[in-house]
There are 2 protein chains.
Amino acid sequence: MTVPSGRRERKKAATRQKIADTALRLFLDRGYDAVGLRDVAAEADVAVTTIFAHFAAKEALVFEQDDTFEHRLTRAVTDRPPHEPLIPALRRELHAMVRHCTADGAAPTWRMIDQSPALRDYEESMKRRHAQALATAIAADLGLPSATTACRTIARFVIDAHSLARQAADPEAAVDEIFEMIEAAWAATGLSRSDLGRAAAGQR
Amino acid sequence: MTVPSGRRERKKAATRQKIADTALRLFLDRGYDAVGLRDVAAEADVAVTTIFAHFAAKEALVFEQDDTFEHRLTRAVTDRPPHEPLIPALRRELHAMVRHCTADGAAPTWRMIDQSPALRDYEESMKRRHAQALATAIAADLGLPSATTACRTIARFVIDAHSLARQAADPEAAVDEIFEMIEAAWAATGLSRSDLGRAAAGQR
DNA sequence: ACCGTAGCACTAACCGTTAGGGTTTTGAAA
DNA sequence: TTTCAAAACCCTAACGGTTAGTGCTACGGT
């Protein structure tokens, strides 16, 4: 039961990376639907079953850093400067994330995602998990024992902001526009007073 | 190119209904995942391909009245009494829809949906379509040429309300709680002034 | 040096879905 | 009535994602 350390871990990570890289290359090259998992396996020189040992589904090959997304959101809540209100912290993080999605390097990948219904669906199902994690983090931040309806609602709105902004003509401006709405929704819950007055004072 | 009238239509509708009924019965009986489409086809005495002539996917067998949902939302916007503000009209409709979901007859079906990831995912992908339709309807109601970010955002929030409320302990109360937030978000857009003052005066 | 196990391969299948092509039923025109 | 085109349906076969079963190999701890 000791932590497997050294070569084994590295080899496993290398295999995973090789699969992900090969898959993404083939997908961008020939199109997501035109590439089968048997193609990916052959090109990466692994067995099809090995792919499923590393990734839960074909779509997961594209969203390799799924966890990163989730962690960034929850940490934007938990690791924010003391006394910083909740919503502005999330707004800052969303700005960064949207900017990252529309960066030159990632743009072709996201274009591919937008063109494939299967990938869009998978992205949304990921985001539902993220919303749940975020709701829990928000509840914890407020000292609540579990996520209330208001927490879950705000979490969902924040996740929505990402989807909506990504598809907008001017993503950065969209983040701001949507967060004005979220800020108002948050203020309407009464939970915002937990932010010790700073939030209420800061938000006009 | 004449309108197909009479027996043909009835027979087709009957086949569709027999498939849907059989499928739902088997699903509730043995579990959604434990029943294959080949089972459904055999039990309904049709070919597997016939199922796909009536339903786009296996999951669609469960969400038979998909369109109804969408039409109810858009008509809540377009067919509401003159001068009634937008958000309260949507709130009323959501109340009715949530009540319908939690009614005794439909309860086992929704329990099944909640237990199957495939069905939950499908429900969400449906709802994204509904959100888009609702956004368009809202934009039209405001006299806008196309759905802006604010329209899309409000539409999405309203759809979220349905998902969130359905899973809450007290769905009806959750609708009210979430709509307080939506009302505030809507007021923050400035679009609400299109409601000729009635909305602004009535809320709060 | 030895053993448990993690990582991976291989085969064979299951299941949802679609294509291809054929047969019957229906509605309406000739 | 006869005729015809389209609609509805059936059957077969396949494709692609996904999983179970089985076993081999190389790594890491003892």
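A note on names: the letters A, B, ... follow the listed sequences, proteins ahead of strands, and every chain is numbered from 1.
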- Task: Using a strict 4.0 Å threshold on nitrogen-to-oxygen distance, state whether B/Glu180 and B/Arg91 make a salt bridge.
- Result: yes

- Using whole Å, report how far CG of A/Asp33 lies from P of C/dT18. 12 Å

- Pairwise distance OG1(A/Thr149) to CE(B/Met181) - rounded to 0.5 angstrom: 9.5 Å

- Using a strict 4.0 Å threshold on nitrogen-to-oxygen distance, state whether A/Glu124 and B/Arg156 make a salt bridge. yes

- Nearest-Å distance for atom pair CD/P, residues B/Glu59 and C/dG16: 9 Å

- Can you check whether any acceptor in the base of D/dC11 is under 3.5 Å from a donor in the side chain of B/Thr49, or vice versa? yes

- B/Leu61 CG to C/dT17 C1', in whole Å, measures 13 Å

- Select base, sugar-phosphate, or nothing to describe what B/Val46 touches, counting heavy atoms under 4.0 Å on all strands. sugar-phosphate

- Item | Close approaches to DNA chain C from residues 14-26 of chain A, in residue order (heavy atom, under 4.0 Å) | A/Thr15

- Assign A/Ala57 to base, sugar-phosphate, or nothing according to its heavy-atom contacts below 4.0 angstrom with the strands shown. sugar-phosphate

- Message: Taking the nucleotide of DNA chain C with the nearest heavy atom to each, does A/Lys12 or B/Gly36 sit closer to the 5' end?
- Response: A/Lys12

- Message: From CZ of A/Arg10 over to P of C/dA6, roughly how many Å is that when rounded to an integer?
- Response: 19 Å

- Message: Check A/Lys127 with A/Asp160, please: is the shortest side-chain N to carboxylate O separation under 4.0 Å?
- Response: no

- How are the rings of B/Phe157 and A/Phe157 set to each other: parallel, tilted or perpendicular (split at 30° and 60°)? parallel

- Query: For DNA chain C, what string of dots and brackets results from 5' to 3' when Watson-Crick and G-U pairs need both distances under 3.5 Å, crossing pairs get [ ], and pairs with another strand get |?
  - Reply: ||||||||||||||||||||||||||||||

- Query: With a 4.0 Å cut-off on heavy atoms, is A/Asp39 in touch with a base, just the backbone sugar-phosphate, or nothing at all?
  - Reply: nothing

- Message: Is there a side-chain contact between A/His54 and the phosphate of C/dC8, meaning an N or O under 4.0 Å from OP1 or OP2?
- Response: yes

- Message: Rounded to whole Å, please give me the gap between CD1 in B/Ile51 and P in D/dA8.
- Response: 17 Å

- Going from OG on A/Ser125 to CD on A/Glu59, what distance comes out if it is rounded to the nearest 0.5 angstrom? 8.5 Å

- Steps toward salt bridge (Lys or Arg N to Asp or Glu O under 4.0 Å) verdict (B/Asp45, B/Lys18): CA-CA 9 Å; B/Asp45 197 32; B/Lys18 185 166 69 171; 5.3 Å; no

- Consider the side chain of B/Phe52, meaning its heavy atoms from C-beta on, and name the nucleotide among C/dA9, C/dT17, D/dT19 that approaches it most closely. C/dT17

- Would B/Arg166 and B/Asp114 satisfy salt bridge (Lys or Arg N to Asp or Glu O under 4.0 Å), going step by step from the backbone distance to the final call? CA-CA 10 Å; B/Arg166 216 167 54 63; B/Asp114 287 333; 3.2 Å; yes

- Between B/His162 and B/Phe69, how do the two ring planes meet: parallel, tilted or perpendicular, split at 30° and 60°? perpendicular

- If you take atom types as modelled and just measure distance, does the side chain of B/Arg38 reach the base of C/dG16 with a donor-acceptor pair under 3.5 Å? yes

- Message: Can you tell me if B/Arg7 touches the phosphate of C/dT25, counting only side-chain N or O atoms and a distance under 4.0 Å to OP1 or OP2?
- Response: no

- Task: In whole angstrom, give the distance that lies between atom CG of B/Asp121 and atom P of C/dG16.
- Result: 16 Å

- Message: Distance check needed: D/dG28 P versus A/Glu9 CD, whole Å only.
- Response: 9 Å

- Look at B/Glu93 together with B/Arg75 and state whether they make a salt bridge at an N to O cut-off of under 4.0 Å. no

- Item | Closest nucleotide among C/dA9, C/dT17, D/dT18 to the A/Val48 side chain | D/dT18

- Message: Does the plane of the ring in A/Phe63 sit parallel, tilted or perpendicular to the ring in A/Trp110? Use 30° and 60° as the thresholds.
- Response: perpendicular

- Which of C/dT17, C/dT25, C/dC10 is nearest the side chain of B/Leu37? It is C/dT17

- Do the side-chain N or O atoms of B/Lys58 get closer than 4.0 angstrom to the phosphate oxygens (OP1, OP2) of C/dC15? no

- Query: According to a strict under-4.0 Å criterion, is B/Lys11 in side-chain N/O contact with OP1 or OP2 of C/dT26?
  - Reply: yes

- With a 4.0 Å cut-off on heavy atoms, is B/Val40 in touch with a base, just the backbone sugar-phosphate, or nothing at all? nothing

